[in-house]
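Here the structure comes first, spelled out in structure tokens, and everything after it is commentary.
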Number of protein chains: 2
Amino acid sequence: MDEFSFIDSIKPSNYRQSSLIKGVDDDAAVFRQNTQEVVTAVDTMVDGVHFSRETMAPFYVGYRALAANLSDLAAMGAVPAFYLVSIVISSDWEEHDLREIYRGMSSLADDYQMDMIGGDTVSGKELVLSITVIGYVDRNRARYRTEARSGDVLFVTGTLGDSRAGFECIVTNVDNEYLINRHRLPTPRVIFSKNLNSIDRVALNDVSDGIASESNEIAEASGVDIHIAFSDLPYCMPMADLFPDQYEDWILSGGEDFELLGAVSESEWGTVQKAAERSGIAVTKIGLVTESKEKTGRVYLSKKGQTSLLKKSGYTHLQEGRD
Amino acid sequence: MDEFSFIDSIKPSNYRQSSLIKGVDDDAAVFRQNTQEVVTAVDTMVDGVHFSRETMAPFYVGYRALAANLSDLAAMGAVPAFYLVSIVISSDWEEHDLREIYRGMSSLADDYQMDMIGGDTVSGKELVLSITVIGYVDRNRARYRTEARSGDVLFVTGTLGDSRAGFECIVTNVDNEYLINRHRLPTPRVIFSKNLNSIDRVALNDVSDGIASESNEIAEASGVDIHIAFSDLPYCMPMADLFPDQYEDWILSGGEDFELLGAVSESEWGTVQKAAERSGIAVTKIGLVTESKEKTGRVYLSKKGQTSLLKKSGYTHLQEGRD
């Protein structure tokens with residue numbers, strides 16, 4: 001592979017963000033943001049650990065890696081602006097496939113007029129894709145997981161477990177385009193999150209590790225108890241039909257749906273519903289927030305008349321440093 | 001290794017930057033910067049490619065990786081504020097050594113009151129350390145490589161080739177602490193760069209690939225010719241004494257000295273010299289900038305009465321996506 005022609009081929013030819021002053025053509029990028037707050041996160045995916053080329057074409061690898069990052073921005077209430085890409089290239093990747101990764105990223109970036117403003121291209125034994133995203137949020141509108149309060153409605157966007165079910169469809173040769181696309185081309189809930197802007201206080205987490213994990217993060221960070229009714233959790237029928245023995249687990253801890261889990265006051269719940277409607281997505285009330293009986297917040301799940309403590313589940317893994 | 005105790009052990013316990021609103025405890029970090037411009041870059045190092053544990057203790061791996069990033073900020077005139085760390089951990093690294101990498105980074109970060117505000121910790125086959133840095137620069141004070149003009153003085157900080165010579169000392173068991181430290185603990189020229197703030201126009205590049213490469217980048221980006229006198233290039237005597245056959249090459253393309261190469265008007269050259277003095281470092285005039293005879297800028301090197309075209313040299317390699 002010719003390194004220089006490859007680097008040239010992935011360089012952006014133009015920029016769209018008006019706040020950008022200098023893109024990739026110097027030692028670092030420069031931008032100016034005088035009114036909003038700046039939000040940033042990094043997410044890393046390793047070939048064979050977070051994805052496999054057997055189940056994921058390179059285009060989707062890039063798309064999904066950036067989607068995971070944008071989901072973090074959405075969970076902060078931020079609108080995406082920039083991304084920087086560090087890639088470790090191994091000899092078993094062809095130049096064409098590497099370009100497909102970048103095409104996947106820029107396909108999603110185009111939806112939000114994001115600019116790629118930096119990166120590093122190095123050699124190694126396995127492919128690693130590490131993306132840093134930068135977004136903007138209005139002053140005092142960043143959405144922290146510490147902001148759930150007793151009396152709040154707990155809600156979630158979309159349906160749960162789809163990504164895990166889509167992965168299962170791919171590896172077991174089940175032909176369900178909807179589920180497979182939910183795995184390959186997840187839509188970060190950026191528009192919905194932006195449409196919550198009129199609300200003063202809303203706690204948000206993105207559902208990257210499943211709601212068992214994410215609801216515990218909100219409960220702990222906010223020092224509140226959360227009560228979830230299993231029967232209220234939204235899922236899609238194809239998943240239940242195709243995987244009757246597994247779908248209930250996937251609803252709780254399937255992970256990587258990149259939906260948003262939130263807590264908001266009863267009085268603002270109508271505003272949340274309208275925001276979802278304007279964004280063309282579903283939002284479902286799945287529980288309530290109460291004062292914490294213990295010092296640290298806990299999550300209770302009621303299912304078929306029984307209430308149990310919902311732990312973060314065994315699904316938490318080394319792959320997620322934050323989220 | 002216990003993943004959670006490791007992640008807890010590397011989490012910052014406090015923050016120092018007043019512009020920071022939220023650090024590592026949510027989906028993303030948040031900061032507010034209403035007056036200055038924001039500067040950002042990413043740099044990635046792979047075990048066995050960019051460093052080896054045989055020649056580099058883990059503390060130095062972390063220190064040097066962050067230094068390389070801060071050198072990019074210095075080359076933009078920016079003062080460091082934040083960093084995010086993505087690490088791919090392989091099974092051949094012990095937890096103690098991983099903590100040493102983070103200790104190396106925070107040791108350098110402490111010098112500039114930088115805060116670590118995000119990261120990702122994942123598993124893989126080889127250790128990869130990818131750092132994103134964020135810094136601030138006053139409005140219209142970012143230092144671009146496009147800003148060299150005919151009539152400018154070309155200058156460089158410190159001495160050249162030291163890092164390469166230090167590496168050679170390590171692998172050939174030559175005991176020279178000064179050179180070895182220049183390799184392991186390079187000092188990014190942040191203070192010097194900041195002390196240039198009163199100057200309206202100065203072009204800067206950091207010397208990560210050697211001045212043969214960096215001077216060509218300035219010449220091309222600014223569309224000027226650059227004339228360098230080899231006899232004016234600064235180097236340290238131990239290097240010439242220890243490596244008489246190699247030191248001349250290393251001066252030109254040793255790389256990773258993390259000094260700054262700059263071009264400034266004759267009238268501001270005195271200000272540059274004073275800035276170096278205030279920063280406690282050397283600065284040397286090494287050449288002149290003239291109008292470009294060709295369409296693209298070129299670099300000419302005069303040595304022992306002969307003038308030749310100085311190419312970027314064979315040292316340019318895939319390891320550097322930018323710089």
Side-chain angles (χ1 to χ4, degrees), chain A residues 3 7 21-22 24-35 37-46 49-50 72-73 75-76 78 84-86 88-89 117-126 128 130 132-135 137 139 142 144-145 204-206 221 317-323, chain B residues 3 7 21-22 24-35 37-46 49-50 72-73 75-76 78 84-86 88-89 117-126 128 130 132-135 137 139 142 144-145 204-206 221 317-323:
Chain A
E3 309 121 43
I7 290 170
I21 302 169
K22 178 66 82 172
V24 299
D25 292 319
D26 216 298
D27 294 290
V30 182
F31 61 93
R32 187 181 293 162
Q33 180 46 260
N34 295 342
T35 53
E37 291 168 359
V38 183
V39 182
T40 184
V42 63
D43 210 61
T44 302
M45 289 192 172
V46 180
V49 177
H50 301 88
D72 282 329
L73 291 185
M76 298 303 283
L84 300 90
V85 180
S86 153
V88 181
I89 298 172
I117 59 169
D120 202 3
T121 307
V122 303
S123 302
K125 285 186 198 143
E126 65 189 348
V128 178
S130 184
T132 304
V133 283
I134 294 169
V137 64
R139 264 178 178 249
Y144 303 121
R145 60 181 61 155
L204 286 181
N205 242 22
D206 75 317
H317 50 97
L318 184 60
Q319 278 69 38
E320 304 289 333
R322 55 165 53 197
D323 297 285
Chain B
E3 309 122 44
I7 290 170
I21 301 170
K22 179 66 83 171
V24 298
D25 292 319
D26 217 297
D27 294 289
V30 182
F31 60 93
R32 188 182 292 161
Q33 180 45 260
N34 294 342
T35 51
E37 291 167 359
V38 183
V39 182
T40 185
V42 63
D43 210 63
T44 302
M45 290 194 173
V46 179
V49 178
H50 301 87
D72 282 329
L73 291 186
M76 299 302 284
L84 300 91
V85 181
S86 153
V88 181
I89 298 172
I117 59 169
D120 203 1
T121 307
V122 304
S123 301
K125 285 183 200 145
E126 65 189 348
V128 178
S130 184
T132 304
V133 283
I134 295 169
V137 64
R139 265 176 179 250
Y144 303 121
R145 60 182 61 156
L204 286 181
N205 242 21
D206 74 317
H317 51 99
L318 184 60
Q319 279 69 38
E320 304 290 331
R322 55 164 55 197
D323 299 282

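The figures that follow rest on heavy atoms only: side chains count, while hydrogens, waters and symmetry mates do not. Below, chains carry the letters A, B, ... as their sequence lines are ordered, and counting in each starts from 1. This is a predicted model, so every value here is computed, not measured.
Separation of atoms CG (B:D72) and CG (B:L204) is listed at 12.0 Å; rounding is to 0.5 Å. Note: A:D27 CG to B:R145 CZ = 4.5 Å, rounded to the nearest 0.5 Å.
Using a 4.5 Å cut-off between heavy atoms, B:V38 touches chain A through backbone and side chain atoms alike. Interface remark: B:V39 contributes backbone and side-chain atoms alike to the contact with chain A (heavy atom separation under 4.5 Å). Both the backbone and the side chain of B:A75 come within contact range of chain A, judged by heavy atoms closer than 4.5 Å. Proximity to chain A (any heavy atom under 4.5 Å) is shown, for B:V30, by both the backbone and the side chain.
Side-chain atoms of A:I134 and B:T40, non-hydrogen and from C-beta on, do get closer than 4.5 Å to each other.
Highest contact tally toward chain A, considering only B:V85, B:I21, B:N34, is held by B:N34 [criterion: heavy-atom pairs under 4.5 Å].
Remark: B:K125 engages A:E126 in a side-chain contact (heavy atoms from CB on, under 4.5 Å) (not counting sequence neighbours). The ring pair (Phe, Tyr, Trp, His ring centres under 6.0 Å) test applied to B:Y144 returns no partner, not counting sequence neighbours.
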